[in-house]
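Taking it in order: structure first as structure tokens, then the write-up.
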Amino acid sequence: MMAVDAEKRLRNLPPVDQLLREPAVETLVAAHPRVLVVDAVREVLGRWRERITSGTEGVPAAREELVPLIVAEVTAAVEARARPALRRVINATGVVLHTNLGRAVLSQRARRAVEVAAARYTNLEFNLATGKRGSRYELVDELLRQLTGAEASLVVNNNAAAVLLALGTLAAGREVIVSRGQLVEIGGSFRIPEVMAQSGARLVEVGATNKTHLRDYRGAITSETALLLHVHASNYRIVGFTKEVGLEELVALGREFGLPVMSDLGSGFLVELARFGYPYEPTVQETVGAGVDVVTFSGDKLLGGPQAGIIVGRRELVDRMKKNPLTRAVRVDKMTLAALEATLREYLEPERVLEQIPTLRMLTLDVATLETAAAQLAEVLRSTLDGLAVVGVEAGVSQVGGGALPTAAPGTFLVTVRPAGVGVNELVCRLRAGEPAVVGRVQDDRLCLDPRTIAADEYTPLAEALRRALEVGG
Ligand SMILES: *Cc1c(COP(=O)(O)O)cnc(C)c1O
């Protein structure tokens, strides 16, 4: 049985409509949707009911004392509910293509294009020259053909959809030959064998995990074979005693048997990064140039654009994909196309593209620039955090992320923050909850901030966020 005292105090809780008439709550209603404030009031009253039921200690007896406490909680609850679910994050991890943080940051041109496509009517499927119905796929077709050298193109929702569509169109009910060493799982449960099954194609694995020879492919070809598939090993490398068949050899074998060859590049890219110290990998145009019939790659990995799956290749094969009803289900939207076109246009200016596309700019920053940036960031932090933490700078490594260039370890300089009054785990927790949220790396009881992925105009907001997180309760 509940204590009489608790029952009395429960009755003492103000009703919802009385709280809604409190001036501070009325201000909230003026600034936010009423339903949101009412829900917050109910939530807070529920909390107080529970508190009182489990013990009246610390619960004021008089309603006049209780109301301000409730109103303060309602204000905090309304603010929490009013925050968008998709929020801005300062990425201090140094992982440039951080899939969990939204992968590529768009170029300014792409951001403007999205704004127009979002705010206005567009010629998405309307041919302005003829006044007749047009195709959304034609908007970026010329650019893609020009940049990759392919005959035809098709853009879908993401690269997983591109692979599914290509396999389903070219090989449903038939066999696809893939090297065992290429049966990759990309994050978020994209596994080549599963996508293959979903497409209706039958997987024929050849070779061993570490070695696949051309004769393995040759020996697996039957009258049921529809396609030879090459998959970029994206997020891992098999090292040591290894062999994979090169694309040229695979293409020659395909020609010999009249079989198309497809390459899922994963993170396809249009500019070579080897001159910046990254491991050499073939570009999309080199892959097309090698005679590969169908190439698929992501829009938001190294390309640095919006989430999209790009298919380029032989016209006859791409046209078949366009007629597949699945294409409608994995259709790309107008804002994506706007951002993709603008991103591709950046590549028409090779001397500016590394500057204009944030992904490429971050990946090609040299260590000296990063050292200067780290010193500047450390300076801003020291002047803002005065006494709240010990700030240092040391050499470290960044990551490409997004399953691209997994063995690359680009050098950087990290700003380290050792909090004085709070544990580092508590600090990162508070930083995630802050506005803007900040995500960094924890190493040896310190928070490490990599300037590679932090824009210069984020230094001050980052310092302020750190100050608030370090001050809370301490
Ligand atoms: C990343 C990746 C995919 C999936 O691409 P999304 O654009 O994320 O759908 C498919 N294949 C490979 C090899 C990849 O690296």
Side-chain angles (χ1 to χ4, degrees), residues 95-106 140 144 153-168 170-171 176 178-199 201 203 205 212 227-238 244 247 250 261-270 273 278-279 281-284 287 292 294-313 321 326-327 329-333 335-337 339-340 343-344 359 363 399-408:
V95 182
V96 177
L97 293 168
H98 200 303
T99 298
N100 300 152
L101 301 184
R103 286 199 188 152
V105 173
L106 298 181
V140 290
L144 279 171
S153 74
L154 175 59
V155 179
V156 293
N157 182 55
N158 58 12
N159 188 38
V163 174
L164 180 67
L165 176 63
L167 293 175
L170 306 177
V176 176
V178 192
S179 162
R180 238 180 216 109
Q182 296 173 6
L183 296 174
V184 304
E185 171 177 324
I186 320 294
S189 76
F190 175 94
R191 284 180 172 176
I192 288 293
E194 283 161 22
V195 175
M196 187 84 73
Q198 199 54 240
S199 75
L203 170 67
E205 300 174 36
T212 303
L227 188 72
L228 305 180
L229 175 64
H230 178 274
V231 183
H232 189 281
S234 295
N235 45 11
Y236 76 103
R237 285 292 172 269
I238 298 176
E244 281 290 352
L247 275 178
L250 210 55
V261 174
M262 168 170 156
S263 174
D264 173 20
L265 280 180
S267 179
F269 48 97
L270 298 171
L273 296 175
Y278 289 97
E281 294 208 10
T283 57
V284 177
T287 309
V292 174
V294 176
V295 181
T296 60
F297 58 102
S298 285
D300 58 350
K301 290 186 182 171
L302 284 176
L303 193 75
Q307 178 191 304
I310 302 170
I311 304 171
V312 296
M321 292 179 216
L326 184 60
T327 301
V330 294
R331 186 164 87 168
V332 65
D333 81 303
M335 285 179 287
T336 301
L337 280 167
L340 182 61
T343 303
L344 292 171
T359 300
L363 286 173
Q399 271 179 59
V400 179
L405 304 166
T407 55

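Just follow the structure's listing: the first ligand is 1, and inside any ligand the first atom is 1. What's counted below: heavy atoms across the whole structure, side chains too, no hydrogens, waters or symmetry copies.
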Does atom CZ (R191) have a neighbourhood of more than 12 heavy atoms from anything else shown, all under 6.0 Å? no
Do me a favour and list the nearest non-hydrogen protein atom to atom 13 (C) of ligand 1 with residue, atom name and distance? S234 OG, 3.1 Å
For ligand 1, which atoms sit closer than 4.0 Å to a heavy atom of H232? 13 (C)
Is the shortest distance from a heavy atom of V184 to ligand 1 less than 4.0 Å? no
Which residue holds the protein heavy atom closest to atom 5 (O) of ligand 1, what is that atom called, and what is the gap in Å? N159 CB, 3.0 Å
With nothing but distance in play, are any N or O atoms of A160 less than 3.5 Å from an N or O of ligand 1? yes
Using the side chain to side chain contact (heavy atoms under 4.5 Å, CB included) definition, which of the options V292, V176, T296, V295 pairs with M262? T296
Decide side-chain contact (heavy atoms from CB on, under 4.5 Å) for L270 and L303; before the verdict, give the C-alpha distance in whole Å, the side-chain angles of both, and the deciding distance to 0.1 Å. CA-CA 7 Å; L270 298 171; L303 193 75; 3.5 Å; yes
Just by modelled atom types, is the L302 backbone N or O under 3.5 Å from a matching donor or acceptor in the S267 side chain? yes
Within the distance-only criterion (no hydrogens, no angle test), does the side chain of N159 pair as donor or acceptor with the backbone N or O of A162 below 3.5 angstrom? no
To which protein heavy atom is atom 11 (N) of ligand 1 closest, and what is the distance rounded to 0.1 Å? D264 OD2, 2.6 Å
Please state which protein non-hydrogen atom is closest to atom 2 (C) of ligand 1 and give its distance, to 0.1 Å? K301 NZ, 2.5 Å
Candidates S263, S298, S267; heavy atom nearest atom 6 (P) of ligand 1 found on S298
Which part of Q307 is near ligand 1, with near meaning a heavy atom under 4.0 Å away: side chain, backbone, both or neither? neither
Residues in side chain to side chain contact (heavy atoms under 4.5 Å, CB included) contact with S179, at least two apart in sequence or another chain: Q182, T212, Y217, E244
State if R103 counts as touching ligand 1 under the rule of any non-hydrogen atom under 4.0 Å. yes
Let me know which of V400, L405, T283 forms a side chain to side chain contact (heavy atoms under 4.5 Å, CB included) with L273. L405
